[in-house]
Amino acid sequence: MPSTLHRWSSRLAMRSPFRILAALVFAGLVVGGPAIAVAADHEIIIAHMQFGTVPPSHVGDVITWRNDDIFRHSATARDKSFDIDLPPKSQKSMTVKQAGKVDFYCRFHPMMTGTLDVQP
């Protein structure tokens, strides 16, 4: 007949993996919590009469438009969601507020165009 200690250790051995897993899950939710996205900073440089590389972005990210040209430019959304005036050698920042693709252009030089691809 098995001893009480043997029965207790057998039960513990069977339950331990589940308890350990449950404890790890609980600790992850309480201590670490769910993963929280942190806003990123991006820079779009305007030089030689064209917009530079437009990085993929997410809602909440900050985009800095930097005009390195000697001419005045703008970053103007076709859907009118933003219109940033950029005198020569200036920069301005904006926070992305909505997901989706947004086509933009320069009001002063309409052949200058680009597209922001904003993910949720």
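Note that the numbering runs from 1 along the sequence shown for the chain. Side chains included, hydrogens not; waters and symmetry mates left out as well; all remaining heavy atoms used.
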- Message: Using a strict threshold of under 4.0 Å (side-chain N to carboxylate O), is an ion pair present between Asp103 and Lys101?
- Response: no
- Could you please spell out the steps behind the side chain to side chain contact (heavy atoms under 4.5 Å, CB included) verdict for Gln91 and Glu43? CA-CA 10 Å; Gln91 67 181 29; Glu43 187 172 63; 4.1 Å; yes
- Has the side chain of Asp85 got a donor or acceptor atom that lies under 3.5 Å from a matching backbone atom of Ser74? no
- Query: Under 3.5 Å, is there a donor-acceptor pair between the Asn67 and Ser90 side chains?
  - Reply: no
- How close do Pro120 and His58 get, heavy atom to heavy atom, and via which atoms? O-CD2, 3.3 Å
- Query: Mind checking whether His48 and Asp68 have side chains closer than 4.5 Å, heavy atoms only?
  - Reply: no
- Here the pair of heavy atoms bringing Val102 nearest to Ala77 is CG1-CB, 3.7 Å
- Query: If we only count heavy atoms from C-beta on, is the Tyr105 to Thr76 side-chain gap below 4.5 Å?
  - Reply: yes
- Between Leu86 and Ile45, is there a shared hydrophobic cluster once you connect ILVMFWY residues whose side-chain heavy atoms come closer than 4.5 Å? no
- Message: Once you measure the plane-to-plane angle for Trp65 and Phe51, does it fall in the parallel (<30°), tilted (30-60°) or perpendicular (>60°) bin?
- Response: perpendicular
- Message: If I take atom NZ from residue Lys92 and atom CD1 from residue Ile63, how far apart are they, to the nearest 0.5 angstrom?
- Response: 16.0 Å
- Calculate, to the nearest 0.5 Å, the distance between atoms NE2 and CZ belonging to His109 and Arg107 respectively. 11.0 Å
- Measure the shortest side-chain to side-chain distance between Thr64 and Asp41 over non-hydrogen atoms and say whether it is less than 4.5 angstrom. no
- Message: Less than 4.5 Å apart, side chain to side chain, heavy atoms only: is that true for His42 and Val96?
- Response: no
- Message: Using side-chain heavy atoms (C-beta onward) and a distance below 4.5 Å, is Asp117 in contact with Ser57?
- Response: no
- Query: Any idea which heavy atoms bring Val54 and Phe104 closest together, and the distance?
  - Reply: CG2-CZ, 3.8 Å
- Task: Can you see which heavy atom on Met49 is nearest to which on Met112, and at what distance?
- Result: O-CG, 3.2 Å
- Query: Are Val59 and Val118 side-chain neighbours, meaning at least one heavy-atom pair lies under 4.5 Å?
  - Reply: yes
- Message: Between Lys89 and Asp69, does any NZ, NE, NH1 or NH2 come within less than 4.0 Å of an OD or OE carboxylate oxygen?
- Response: no
- Do Leu116 and Ile44 touch side chain to side chain, with heavy atoms closer than 4.5 Å? yes
- Quick one: does Ile46's side chain get under 4.5 Å of Phe71's, heavy atoms only? no
